[in-house]
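Below is one structure, written out as structure tokens; the observations come after it.
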Amino acid sequence: MEKSRKTFIGLIDEAIAAANSMRCDELLFSYKGILYPTTLCSPETFKALESFEARRDDVILAGYPKSGTNWLSQILTDLIAISQKKTPGSESSANAEEQEEFPYLEVGDAEKYERMSKLSSPRFMVTHLRPENLPKSIFQNNAKILLLIRNPKDVATSFFHFSNRLATLPSYETWDDFFTNFMKKKMPWGCYFEYLSEWNKYAEKENIMTITYEEVKENPALSVKNIATFFGIPLTEEQLQLVLERSSFQSMKKNSDKTHGSFGNILFRKGGVSDWKNIFSEDQNEKMDKAFEEQIAGTKLGKKLKYDLYCKA
Ligand code: A3P
């Protein structure tokens, strides 16, 4: 029998319940050299993903964990509703809770791609995967990808708090332990620096638009307009204001019980820039600055991150 889809909240709640009865060392598994959460991903799903058939009009959001993917998902879901002549938030439009499939591409059961093949366009999906681990058809069919990046110090800070509050991820006794693992590539979904290096190879492609968490924070209206233009979605001033209102940190946090269930309390933490200043030691700043300089600074994505502005004290 075909497995049925699970709601966003249902899938997360089930994963948390399963993780609660697991040992810490069972929470992650390795697939092709990268760690993933056992309760969310599986080798069978990764295998099935290889033959996923992307469509040219799929709307894909790619981002390393903790880069603000739930935030941009909210924006994109509303823009898609607008493109379908629906009013975001009205009964006829989907929100995270009601989406037809759990939006994270690599999360869920191996049959989800079969179910997705029956969904009408445009389909929306999010992924934390590196480009070389995505199905080939995404690039062959020129699906449009919004690549979201965030400065590494805030990503690490957010990831630390998230890991300690979410049962599906290993928790850490101290921030120092987490930082060591972050720098030693022992994170779920792999190393931040390698993620950026791999995506940098695609940064010039015209079907890929890169945006930073910091620029959306700085100028949300311009960011939403640019994203809408990239996906070819015309937007009135009134629609723009609605999207901005619904995607503000305050609105999303307030609405999170409905959209994300108890997971919302974990996810919507501070929603700002520079929280790293509260946690990084001098020595950790130096180590991160050095790694960034050596691995990312000279790349297109590295420059886009404005590291000196956002990551120097
Ligand atoms: P913090 O932990 O720094 O608060 P992801 O969705 O990829 O897991 O990223 C989570 C991060 O995005 C969290 O960062 C969360 O607070 C932030 N975030 C979520 N919604 C947001 C919004 N509407 N505006 C700004 N930041 C948001």
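First listed ligand is number 1; within each ligand, the first listed atom is number 1.
For atom 1 (P) of ligand 1, the nearest non-hydrogen atom of the protein is S158 OG, 3.5 Å. For atom 23 (N) of ligand 1, the nearest non-hydrogen atom of the protein is S247 O, 2.9 Å. Scanning all protein heavy atoms for the shortest distance to atom 8 (O) of ligand 1 gives K66 NZ, 2.8 Å. For atom 12 (O) of ligand 1, the closest non-hydrogen atom on the protein side is G68 CA, 3.6 Å. Looking from atom 15 (C) of ligand 1 to the surrounding protein, the closest heavy atom is L267 O, 3.3 Å. Of the protein's non-hydrogen atoms, the one nearest atom 11 (C) of ligand 1 is R150 NH1, 3.7 Å. Protein heavy atom in closest approach to atom 26 (N) of ligand 1: Y213 OH, 2.7 Å.
The minimum heavy-atom distance linking L305 with Y192 is given by the pair CD1-OH, 3.4 Å. Across all non-hydrogen atoms, the minimal contact from E53 to R123 is O-NH2, 3.0 Å.
The F268 neighbourhood of ligand 1 comprises atoms 16 (O), 19 (C), 20 (N), with distances under 4.0 Å to a heavy atom of that residue. Per-residue contacts place S248 under 4.0 angstrom from the following atoms of ligand 1 (heavy atoms of the residue considered): 23 (N). Close approach of ligand 1 to N70 is summarised as follows: ligand atoms under 4.0 Å from at least one heavy atom of the residue are 5 (P), 6 (O), 8 (O). The distance from ligand 1 to the heavy atoms of K270 drops below 4.0 Å at these ligand atoms: 4 (O), 16 (O). Below 4.0 Å from some heavy atom of M252 lie the following atoms of ligand 1, by number and element: 23 (N).
Side-chain atoms of R130 never come within 3.5 Å of backbone atoms of E194 as a donor-acceptor pair (strictly under, hydrogens ignored). Judged purely by atom type and a 3.5 angstrom limit, D78 has no side-chain atom pairing as donor or acceptor with the backbone of P88.
Side chains of Y307 and D289: a donor on one and an acceptor on the other come within 3.5 Å. A donor and an acceptor atom, one from each side chain of E206 and N142, are nowhere located under 3.5 Å apart.
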Practice item. Test R55 against D57 for salt bridge (Lys or Arg N to Asp or Glu O under 4.0 Å), laying out the working first. Key: CA-CA 5 Å; R55 298 179 194 155; D57 57 6; 5.2 Å; no

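At least one N or O atom of S67 sits closer than 3.5 Å to an N or O atom of ligand 1. Residue G272 places no N or O, backbone or side chain, under 3.5 Å from any N or O of ligand 1. For ligand 1, the polar-atom distance check against D154 finds no nitrogen or oxygen pair separated by under 3.5 Å.
Ion pair E215/K304 flagged as a salt bridge, since at least one NZ, NE, NH1 or NH2 atom sits closer than 4.0 Å to an Asp/Glu carboxylate oxygen.
The number of heavy atoms from other shown groups lying within 6.0 Å of NZ (K225) does not exceed 12.
With ring centers used as reference points, Y310 lies 6.0 Å or more from W276.
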